[in-house]
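Reviewing the structure listed below.
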Amino acid sequence: MADLAAQISLFIGFVLLGYLISRFSGKGRLANDYVTALLIKLLVPLLVIYTLLTASPETLAEIPTVLFLAVLVQLLGPAIMFLRLRGRDVDNATKGVFYISVTFTNAVFIPLPLVMMFMGERGVPFVVLFSLTQFALLVTLGSLLGSAFT
């Protein structure tokens with residue numbers, strides 16, 4: 001229990017440190033640009049490669065199931081939103097915002113630390129596969145949603 005509390009405290013500490021730096025240094029936007037570029041262009045690809053190279057055979061055997069569930073979870077959001085908006089007088093731009101916001105949530109930066117805290121390294125391949133599936137859907141389905149509702 002103490003180990004879990006320490007890990008949660010460390011996670012919250014990093015979030016608080018980032019907030020304090022951006023709040024009091026005046027360089028929050030600049031730091032955000034550099035950190036985002038570092039994460040997207042370097043660390044996420046390295047994490048994907050490392051995860052696939054070090055994953056256990058049992059985890060690799062579950063890839064089709066994880067991909068199916070990831071696609072299902074991603075498509076359930078817009079399906080439920082469609083049922084909710086059906087028959088309502090909502091303009092297309094607002095519908096597009098709703099569809100995109102329920103389809104493409106934060107699938108890496110929040111779930112990864114939480115999975116690491118609760119499941120350890122064995123859960124990382126699942127987060128990586130889920131986020132890669134979401135990125136693929138974002139550039140395909142997201143583009144279609146964005147163009148259909150503008």
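Taking the side-chain contact (heavy atoms from CB on, under 4.5 Å) definition, one finds that Leu76 meets it with Leu72, sequence neighbours left out. Among residues two or more places apart in sequence or in another chain, the side-chain contact (heavy atoms from CB on, under 4.5 Å) test is passed with Leu75 by Val71, Leu141. Residues satisfying the side-chain contact (heavy atoms from CB on, under 4.5 Å) test with Leu42, not counting sequence neighbours, are Leu38, Leu46. With sequence neighbours left out, Met116 forms a side-chain contact (heavy atoms from CB on, under 4.5 Å) with Leu112, Glu121, Val124. Partners of Phe98 under the ring pair (Phe, Tyr, Trp, His ring centres under 6.0 Å) rule, at least two apart in sequence or in another chain, do not exist in this structure. Thr94 meets the side-chain hydrogen bond (donor to acceptor under 3.5 Å, both in side chains) test with Asp91; sequence neighbours excluded.
Hydrophobic clustering (ILVMFWY, side-chain heavy atoms < 4.5 Å, transitive): Met81 and Leu137 are in one cluster. No chain of hydrophobic side-chain contacts below 4.5 Å, direct or via other Ile, Leu, Val, Met, Phe, Trp or Tyr residues, connects Val97 to Val102. In this structure, Leu83 is a member of the same hydrophobic cluster as Ile100, with clusters built from ILVMFWY side-chain heavy atoms closer than 4.5 Å. Under the 4.5 Å side-chain contact rule for hydrophobic residues, Phe118 and Ile12 share a cluster. When hydrophobic clusters are built by joining Ile, Leu, Val, Met, Phe, Trp and Tyr residues whose side-chain heavy atoms come closer than 4.5 Å, directly or via intermediates, Val127 is grouped together with Met119.
To the nearest 0.5 angstrom, Leu129 atom CG is 11.5 Å from Leu69 atom CG.
Considering every non-hydrogen atom in both Tyr99 and Pro78, the closest pair reads CE2-O, 3.5 Å.
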